[in-house]
Asker: 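Can you keep this structure in mind? I'll have questions shortly.
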Amino acid sequence: MIGLILLIIGLQNDTITTSSHDLDEVVIVSHKEGGKRSIKGQVATIDEHLQELNHVELVRRGSYAWEPTVNNMQTERLSTTIDGMKIFYACTDKMDPVTSYVESGNLQSISLNSGLNGNPQATGNIGGALDLKLRKVGFGADAFRLSTQVGYETNGHVQVYGADASHSSQRLYVNGGAFFRRADNYKAGGHQEVNFSKFQKVNAFVNGGYRVAANDAIEGTFIYDRASDVGYPALNMDVSKAEAFITSLAYKHLFEDSKLESWETKGYYNHITHVMDDTTRPNVEIHMDMPGESWTAGVYSLLTGTYGRHQAQLNLDGYYNRLFADMTMYPGGAAPMYMVTWPDVGTMNVGAALSDDISLSDVSSLHLSGKLSWQHQRLNNEEGYKALGVFFPGMKQTYHQTTGRIAANYQLSIVNSKLSIGAGWGSRAPTVTEAYGYYLNNTFDQYDYIGNPRLKNESAIEVNGSYQLSTLRSQLSVGLDANAFFFSNYIIGQFEDRLSAMTVGAEGVKVYGNIDHATIANVSLSAEWRPVKGLRWNAKGTYSLGRDNEGDNLPLIAPFIYQTRLSYATGPLSVQTEVKGHTRQVKYGGKYGEMETSEWAIVNLSVSYQLSIGHYPLSVRTGVENLFDRYYATYADWCHIPQKGRNIYMNLSFDL
């Protein structure tokens with residue numbers, strides 16, 4: 001695909017490193033030079049960094065914890081890992097995607113594999129795979145380094161404070177820090193306040209490594225993340241607490257004078273607690289509490305080597321995850337009502353992945369990858385198991401699934417052009433929500449959803465291609481990128497008129513089911529022009545479509561999206577203006593409760609300046625988002641909650 005990138009973690013030749021592998025795109029979050037990054041720098045949220053990646057859009061239910069989509073596919077069809085670690089959200093309404101449990105302060109980069117060409121630890125990644133790389137100072141870096149960041153945004157009075165420090169030697173390194181964010185309710189265009197959109201969050205982390213021998217090292221990670229008082233204007237409930245403990249311990253070995261390069265084995269554990277309630281909402285007919293928990297323990301072992309024209313990776317991994325969620329309703333004057341919504345589902349998954357980058361010639365290469373996984377699930381909560389059994393008599397308490405993927409990609413580079421074509425097949429098992437969820441209310445279409453333990457595995461065939469052409473001096477380049485996914489047994493909620501809704505105001509009940517086939521396709525055209533030194537213009541437009549087996553539009557498929565930027569940099573000064581928007585969403589999924597979205601366009605301005613105080617660098621960034629205070633909502637804004645109106649921001653970053 002466009003932008004073959006080698007990502008190498010390590011600062012000097014004698015640093016313990018992890019091997020590179022084929023990626024579609026990387027966005028740089030932290031201090032590392034070069035690469036694509038958010039114009040707000042390290043103070044930007046993870047969501048703002050994700051917006052810089054091609055193929056990625058974000059579903060927004062409030063101003064916090066947006067859900068990434070890749071190739072117009074949501075969490076169910078993606079793999080999201082943190083340094084290769086499997087983590088599963090604990091909210092039945094997907095208020096807490098995996099990306100919400102880290103901060104810019106503890107990330108080095110975010111890597112993307114589009115489609116079925118996933119990273120070694122990815123499972124079920126039909127749409128794509130995201131891996132959030134943690135920032136580790138490494139061995140032999142600066143003996144001591146201290147960084148501080150502070151930021152402020154006028155819309156919502158957003159405050160950001162961060163600090164991190166590191167120590168490094170040839171034998172030992174440690175880096176850690178803390179980040180704090182706080183925001184009040186923001187205002188949409190026209191100064192209209194959006195209630196229940198505030199939040200606050202604290203994140204603390206420590207990474208460390210010890211070199212036990214010249215080519216052997218032990219590395220450990222600990223992350224604590226807690227968000228509180230989080231409002232979700234698109235939903236019926238807010239979040240009083242979203243808390244995560246994330247830990248890992250890894251052993252790395254580098255080989256010398258061998259066809260093998262490196263071997264990394266990592267064990268990890270994480271626990272997530274997510275508590276929803278509606279105590280802050282006015283005029284609540286029936287008060288509800290909806291807590292959820294997720295526990296995951298896992299291990300992976302990654303071996304890399306080079307033989308002739310081959311660079312290969314073998315990965316063995318396994319994890320065990322438990323998901324439990326329940327609901328207690330408190331009708332006035334009556335006894336509380338209790339219901340299990342995730343019946344304490346334990347999932348054990350083991351898999352083996354193999355990839356090979358083959359250099360066919362000086363101008364062509366072939367990338368092959370595949371993975372096979374086996375999964376065992378058990379419903380541990382007897383009450384939840386029996387409740388679901390009312391709708392599915394004879395259902396079992398344990399289930400087994402086998403999933404896999406295989407992909408191939410050919411690349412040819414001649415003079416100033418690059419061609420890439422690829423294809424693949426992959427399958428995924430139903431998620432816990434799709435298979436075992438019990439009366440989960442969806443505010444998108446106002447239906448209660450029930451899982452279906454008899455679902456078949458979903459599968460898809462992917463075809464993709466890209467072409468990039470540039471002039472001899474790379475002053476002008478244009479690129480075309482396209483992919484299409486042809487699904488079998490596509491999983492989606494289906495109307496069930498025989499059942500009555502449980503949630504007050506719900507229109508009915510849907511039960512997850514398989515449909516014979518569905519199609520999702522995306523095509524994008526991009527261009528970049530550098531007429532003179534320091535001046536750069538780039539533009540991109542993307543068109544997508546999604547259809548079910550009856551030819552009806554699938555929900556949350558992007559309309560035509562466009563973006564253009566003009567930037568100028570001279571010395572320490574950089575100035576940028578941006579226009580982005582999308583056309584009217586005429587091919588919306590009305591059958592699935594989606595409503596039409598109007599067209600919109602906004603203008604953003606930004607300025608950054610690099611200076612020094614003594615020998616210490618200071619970065620100043622300021623800008624205006626939505627310059628003309630446009631009132632708008634995107635196709636991916638849940639229930640069409642409006643985006644922010646005019647927002648002026650400023651942030652400072654200082655290194656010592």
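Note: hydrogens, waters and symmetry copies are ignored here, and every other heavy atom, side chains too, is used.
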Asker: How about Arg565 and Ser567: do any of their side-chain heavy atoms sit closer than 4.5 Å?
Answerer: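 When only atoms from C-beta onward are counted, Ser567 and Arg565 do not touch, as no gap falls below 4.5 Å.
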Asker: Indicate whether the side chain of Asn71 and that of Ser114 have a donor and an acceptor atom separated by less than 3.5 Å.
Answerer: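 Side chains of Asn71 and Ser114: pair found under 3.5 Å.
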Asker: Where does the angle between the aromatic ring planes of Phe245 and Tyr224 fall among parallel (under 30°), tilted (30 to 60°) and perpendicular (over 60°)?
Answerer: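 The arrangement is tilted - the two ring planes meet at 30° to 60°.
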Asker: For Asn457, check side chain to side chain contact (heavy atoms under 4.5 Å, CB included) against everything at least two apart and list the hits.
Answerer: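 Checked Asn457 against side chain to side chain contact (heavy atoms under 4.5 Å, CB included); matches are Gln401, Thr403, Ala429, Pro430.
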Asker: Ignoring hydrogens and geometry, is there a side-chain-to-backbone donor-acceptor pair from Ser294 to Ile272 under 3.5 Å?
Answerer: no
Asker: Using modelled atom types and a 3.5 Å cut-off, is there a donor and acceptor pairing between side-chain atoms of Asn117 and backbone atoms of Ala407?
Answerer: no
Asker: Can you see which heavy atom on Asn119 is nearest to which on Ala129, and at what distance?
Answerer: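 Taking every non-hydrogen atom into account, ND2-CB, 3.7 Å.
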Asker: Anything under 30° is parallel, anything over 60° is perpendicular, the rest tilted; go ahead and classify His400 against Trp374.
Answerer: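 His400 vs Trp374 ring planes: parallel.
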Asker: Do NZ/NE/NH1/NH2 and the carboxylate oxygens of Asp317 and Lys371 come within less than 4.0 Å?
Answerer: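 Answer for the salt bridge query: yes.
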Asker: Tell me every residue that passes side-chain hydrogen bond (donor to acceptor under 3.5 Å, both in side chains) with Ser166, counting only those two or more places apart in sequence or in another chain.
Answerer: none
Asker: Does Leu134 form a side-chain contact (heavy atoms from CB on, under 4.5 Å) with Leu107? I'd like the steps, not just the answer.
Answerer: CA-CA 4 Å; Leu134 298 177; Leu107 282 188; 3.9 Å; yes
Asker: Sub-3.5 Å donor-acceptor pair from the side chain of Thr306 to the main-chain atoms of Gln311, do we have one?
Answerer: no
Asker: Surrounding CD1 of Ile406 (heavy atoms of other residues, nucleotides or ligands, distance under 6.0 Å), is the total greater than 12?
Answerer: no
Asker: Applying side-chain hydrogen bond (donor to acceptor under 3.5 Å, both in side chains), name anything that partners Thr99, two or more places apart in sequence or on another chain.
Answerer: none
